[in-house]
Protein chains: 2
Amino acid sequence: MARPRTTARTVEHPELSEVPLQQVLEALVDPVRRLVVSQLAGAAEDLSCGTFVAPVSLSTLTHHFNVLREAGVIRQYYVGTAKMNTLRTEEMELRFPGLLSAVLAAAAAEAEPSRPAR
Amino acid sequence: MARPRTTARTVEHPELSEVPLQQVLEALVDPVRRLVVSQLAGAAEDLSCGTFVAPVSLSTLTHHFNVLREAGVIRQYYVGTAKMNTLRTEEMELRFPGLLSAVLAAAAAEAEPSRPAR
DNA sequence: AGGCGGTTTCGATGGCGGTCGTACTATGAC
DNA sequence: GTCATAGTACGACCGCCATCGAAACCGCCT
C-alpha cells in the first residue's frame, strides 16, 4: 500500500571543489573500489549496495562505499532500506578533467584482454 | 680505454604492455612521487636525481625513483655519476590513454589555486 | 692514488589502511 | 506488534609501505 516514499535518511556528500586530488587517487587505487566503480559505470541505472559483487565482506564493502563517497566519486541515497549508488561523472569531469574516464577506460581495457568491440 | 663502457651501468625497464594499471596507480598515488613526476613534466630536459626538491631524504627519493621506473612512468639512464630521468609520456599514452596527462593536469591545476600566469 | 660527489643498499621503524566478525539500527512486510 | 532485510558501527588484527640513518658503491677529477 504505502509507497516507498523518499526516505528520511540522508547522506553527506562533499563539494567536489573541496576534494583534493590526493583523496580521489587514494579512492581509485584500491582494486575493490575500482571494481565497484567499474560496475557502476557499466550499469544502466543506479545500483544498491547489495547488488555489487566483490571478494570482500559486507562490512568491508560498506567501508569502500564510504571512501568513494567522501572522495566525491559516488553519490548515495536511500530508497527504503536500500542504499543506491551513482557515479558523479559530470562533476568529476569538471573537477579533474579526463581523470575518472581515463581510469575507467584503462580498467575496462585491462579487463578485456583481446576483444576489439562489438 | 676499454670497450664501449660509455655508460657501463644500465637500468632495467619494464615493457609498458606488461605493466598493470594497478601498479601505475600505486606509483602515482604517492604525493612525493607525483611531485617528482610534475617536476619532470615541467622541465625542458631530463633531470638528474639530485636536482629534485622533495621533503624526504635522499635514500627515500631513490626508493621513489625505483617505484616510478618499475611502474613504467619514468626512464632512467646514467651519465657519468649522474642518473638522469625522463617521463615515458608517449608510451604511457599508448598504454593508458589520457591517464598520465589527466593526473599531471590535475596536479598542476591544484598547485596553482587561481593564478593564470605571471 | 686518493678523494669526492652522487647514488644505492640495508635494516629498522612507525603508521596507516584493508580486512574481518559481531553487534546494532532502520525500514518495510506480515 | 514481530520478523526479515539492508546496511552500519565498532574494535581488533595484520601486512605493507614510506621513511630514515649509516654505510657501501661507483665513476670522475686532480
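Quick note on labels: first sequence line is chain A, next is B, and so on, each numbered from 1. From a predicted model like this one, the values you see are computed outputs, not experimental measurements.
Between the CG atom of A/Leu61 and the P atom of C/dG18 there is a distance of 13 Å, given to the nearest Å. When rounded to the nearest whole Å, the span between CG of A/Asn66 and C1' of C/dG17 equals 14 Å. In this structure, the CD1 atom of A/Ile74 is 12 Å from the P atom of D/dG7, given to the nearest Å. Spacing between atom CD of B/Glu70 and atom P of C/dT8 amounts to 12 Å, rounded to whole angstrom units. Following rounding to the nearest Å, A/Phe65 (CZ) and C/dG18 (P) show an atom-to-atom distance of 15 Å. Computed from coordinates, the B/Phe52 CZ to C/dT8 P distance equals 12 Å when rounded to whole Å. Put simply, OH on B/Tyr77 is 17 Å from P on C/dG6, counting in whole angstrom units. Atom CG in B/Asn85 sits about 13 Å away from atom C1' in C/dG6, given to the nearest Å.
Residues A/Ser57 and A/Thr60 bring a donor and an acceptor atom of their side chains to less than 3.5 Å of each other.
Annotation for A/Leu58: atom CG does not count as buried by contact number, only 12 or fewer foreign heavy atoms lying within 6.0 Å.
Checking the phosphate oxygens (OP1, OP2) of D/dT8, a side-chain nitrogen or oxygen of A/Tyr78 falls inside 4.0 Å. Phosphate contact (OP1/OP2 of C/dG6, side-chain N/O of B/Lys83, threshold under 4.0 Å): absent.
Taking the side chain of B/Thr62 as heavy atoms from C-beta on, and the options C/dT7, D/dA9, C/dA26, the nearest nucleotide is C/dT7.
Under the 3.5 Å distance criterion, the side-chain polar atoms of B/Glu70 are left unmatched by any main-chain donor or acceptor of B/Pro14. In this structure, B/Arg95 contributes its side chain and B/Leu16 its backbone to a donor-acceptor pair below 3.5 Å. No side-chain donor-acceptor contact under 3.5 Å links B/Arg88 to the backbone of B/Ile74.
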Protein-proximity profile, nucleotides 14-20 of chain D, B/S/- by nucleotide at the 4.0 Å heavy-atom cutoff, equals ----SBB
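Across every non-hydrogen atom of A/Ser38 and A/Leu104, the tightest pair is CA-CD2, 4.0 Å.
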Check your understanding: Can you check side-chain hydrogen bond (donor to acceptor under 3.5 Å, both in side chains) on A/Tyr77 and A/Asp46, steps first, answer last?
Key -> CA-CA 10 Å; A/Tyr77 58 97; A/Asp46 303 355; 2.5 Å; yes
